[in-house]
Amino acid sequence: MTHKEPGPLSEIDRLIHEPARLLIVAILSEVKEADYLYIQQETGLTKGNLSSHLDKLEKAGYIEIEKAFRGKIPLTILRIARRGSVAFKAYRNQMGALLNGR
Amino acid sequence: MSLQPRRPAGLPVRILILTHTSLYGRLVCNMSENLPDLTQVARRPLRYWNSDGLPELVLGGVWAIWVLCLVPLEFVPAGRWTVPYGIALPLVFLASALGGHWYISRLKTRITAPRGGFIDYRPRAAGAMYLSTVLASGAAVAVVRQMITEPTAASTTELTAAITAFLLSAVFLAMAVRHRMPHHLWQAAVSVVIGLALIQWPTDLSTGMFRLFASLGLVSILLGWIRLRRFLRRNPAPAGGAE
């Protein structure tokens, strides 16, 4: 007997669903912008790992990455893009529907 | 008792694996009820503001300024200076509160950002900002007016300082719960104790406020100092600058 998957599962955005990226997007969705160091400390990811996730999110148009300077200190500023906001909201609704059976 | 998460009816095992990986389960999901708890994750940035003890330290400083402003009302006999002083006092209160907020931001840029990262919050809605400014101004004017016009002890003015203490306690309690920062419970507890003391040993309004802000200022500075030292110890200055 084959098991039939429920409809909402196929619609889940796998890019956001990955736990580390979900954490990054969830945090960025609540702030105007945050820097690389803050996101790294909150997620506990290594620099290489975090950069890889940020790269994927940026390529999908979910976040914007800006290189800047504060005095002489280089900063990587991250902010969620409009597309990322919409995708995150949709993801929350889909997961809510899936887990709560709504 | 099983530690395994309950399997919701109708969900195949592969979905459970998908949604309950360890990091996801720990940070995002409420494992006991299988509900996504992204709200808690989204609240993490709120804790940034209170992570280093700087707000408590500066708030203590602001309250120390308020106490200094109340010293003349407390120790100098009332005279012709009282009314203009009473008009200027709410302005000083508001200016010091706004200046305190600005100063915390400056300190965070210098102390917190290089060690713990940097966040810029979304600006609050203009309506909410105007409303809170009007309410704070109104409260400051009303309290100072009471201090100036009714310097002697009376039942209503006796209670104002105690009620202020209880309101502040409720604010600290809400912050402790909402931001999950239990150190605010200390400030809430001290506010309650001061409020009860002001009911037990009633004084006129300016004396009550003087004692309230002096006690809370002292506790805030102490708490802020301890938390800042702990933050600096846990987050040493980076050697090569930020990413």
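Sequence lines set the chain letters: A, B, ... in the order given, protein chains first and strands last, and positions in each chain run from 1.
Judged as a ring-ring contact (aromatic ring centres under 6.0 Å, His included), the pairs with a partner in residues 98-121 of chain B (not counting sequence neighbours) are, in order, B:W49-B:H101. Here salt bridge (Lys or Arg N to Asp or Glu O under 4.0 Å) pairs that include residues 94-113 of chain B, with residues two or more places apart or in two chains, are B:D52-B:K108.
Closest approach of B:G117 to A:D35, counting heavy atoms only: CA-OD1, 3.3 Å. Heavy-atom minimum distance, A:E30 versus B:P45: CB-CG, 4.2 Å.
The number of heavy-atom neighbours closer than 6.0 Å to CZ of B:R47, taken from other residues, nucleotides and ligands shown, is above 12.
At least one side-chain heavy atom of A:L23 sits under 4.5 Å from a side-chain heavy atom of B:R44.
Rounding to the nearest 0.5 Å places CD1 of A:I27 at 8.0 Å from CD1 of B:I119. If you take CD on A:Q41 and CZ on B:R115, they are separated by 11.5 Å, rounding to the nearest 0.5 Å.
If you measure heavy-atom distances from A:I39 to chain B, you find no contacts under 4.5 Å at all. Residue A:F69: no heavy atom, backbone or side chain, is found under 4.5 Å from chain B.
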